[in-house]
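Since the structure is predicted, the reported quantities are computational estimates derived from the model, not experimental observations.
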Amino acid sequence: MMRKEMSTKVMLAVSMLIFGTLGLFTRNIPVSSGELALYRAVLASALILVYLAVTGQKIDWKGIRREIPLLLASGMAMGVNWILLFQAYRYTTISTATLSYYFAPVIVTVVCPLLFHEKLTGKQIICFVMSTVGMVLVIDVGGIGRGGTDLIGILFGLGAAVFYAAVILLNKFIKNVTGIHRTLFQFFASIVILVPYAVHTGGIHLAGMSGAGWVCLLTVGLIHTGVTYCMYFSALKDLKGQEAAILSYIDPLTAVIVSTVFLGERMTAAQLAGGILILGFTFWNEKKEDGGSHAFRRSGKG
C-alpha cells in the first residue's frame with residue numbers, strides 16, 4: 001500500500017515537472033498562439049482516445065449528454081486560456097508569465113462567495129490581499145523591465161488566469177462527468193472554437209515548420225498534454241487533496257528554474273518576492289486546518 005502511494009506521488013510529481021517545462025518548448029514552435037493551442041488540443045485528444053481504448057475505459061454518454069452545455073462552455077474557456085498563456089510566453093519571461101497565471105486560484109477564491117454563497121473567511125481575505133500585493137510587485141517591475149513588453153505579457157497571463165478560473169468554476173457545476181473523460185470533452189469543445197479562430201487569424205502553417213519545430217509541437221501536444229494529463233488524473237484519484245496541492249507547486253517552481261537556467265531569463269529581487277507572496281499565500285489558502293484541502297484542480301492549465 002505504501003509502495004503504491006509513493007509511486008502515485010512520483011507520478012504526480014513527474015507530471016508537474018513536465019507541465020513546468022511547457023514554456024521552454026512553446027518558444028520553439030513558429031506558429032501563432034491560436035494555431036498552437038489548436039494543435040495541442042487535437043494531438044492530446046487523439047492520444048487520450050487511444051489511452052481510453054487501450055485501458056478499456058468506457059465513456060458514459062448518458063451523463064455527458066446532460067452536461068453538454070457546461071462542457072462546451074468550459075472547453076471554449078480552456079481554448080481561450082491556452083491562447084492567452086502562449087501569448088504571455090511570447091511577451092515576457094516564462095517565470096513572470098507563470099506567476100501571473102498562478103493568480104487563477106486567487107480569482108476563484110474571490111468569485112466563489114458570489115456564485116456559491118460561500119462565506120469569505122478572514123484567512124481568505126488575507127491570502128487575497130497578500131497575493132495581490134505579490135502580483136503588484138511583479139507587474140510594477142515587469143512594466144519597467146523591457147519598455148512595456150513585460151507588462152503586455154503579464155496582462156496576457158492574467159487574462160489566461162481569468163479564463164482558467166472560469167474553467168475551474170464551470171467544473172464545479174459538472175456533476176456527471178469526471179476526470180479524464182471531462183478533460184477529453186473539454187478538449188473537443190476547445191477545438192470547436194480554436195479551428196475558426198486559427199483559420200481567421202493567420203491560417204495553418206505546418207508545411208513551413210522545421211524539424212525542431214515539429215519535435216517541440218509533438219512534445220507539447222502528446223507529452224505535455226496527452227501523456228501528462230493521463231498521468232495526472234491517474235495519480236489524482238489515489239491521493240489526498242492536501243498531497244496533490246503540495247505537489248502541484250512543483251509546476252511553477254520548475255517554470256522559474258527553466259526560465260532562469262535554460263533561457264537565461266532573470267528575476268529581480270522584487271519579482272522573486274512577489275512570486276513568493278503569490279505562491280505562498282495561495283498555498284496557505286488551499287491548506288485547511290483539518291488536514292483537508294480545497295486545492296484547485298488542474299483542467300486546462302499548461
Does the [X] side chain pair with the main chain of [Y], one donor and one acceptor, at a distance under 3.5 Å?
X	Y	result
Lys123	Trp284	yes
His200	Pro196	yes
Ser15	Thr228	no

Seminar exercise, completed: Separation between CG (Asn285) and OG1 (Thr109), nearest 0.5 Å, reads 4.0 Å
Residues that [X] engages under side-chain contact (heavy atoms from CB on, under 4.5 Å), provided they are two or more places apart:
X	value
Cys230	Ile48, Tyr51, Ile180
Met130	Ile126, Leu277, Phe281
Lys58	none
Val215	Thr219

Exercise. Do Leu43 and Thr225 come close enough that some side-chain heavy atom pair is under 4.5 Å?
Worked result: no
Tell me if the aromatic rings of [X] and [Y] count as close, with their centers under 6.0 Å from one another.
X	Y	result
Phe185	Phe188	yes
Trp82	Tyr39	no
Phe19	Tyr229	yes

Seminar exercise, completed: The ring pair (Phe, Tyr, Trp, His ring centres under 6.0 Å) partners of Phe156 (sequence neighbours excluded) come to Tyr91
For this session: Is it possible for you to say whether Trp61 and Leu52 belong to one hydrophobic cluster, with membership spreading through side-chain heavy-atom contacts below 4.5 Å?
Result: yes
For this session: Give the ring-plane orientation class for Tyr249 versus Phe283, where under 30° counts as parallel, over 60° as perpendicular and anything between as tilted.
Result: perpendicular
Seminar exercise, completed: Those residues at least two apart in sequence (or on a different chain) that pass salt bridge (charged side-chain N to carboxylate O under 4.0 Å, His left out) with Arg27 are Glu265
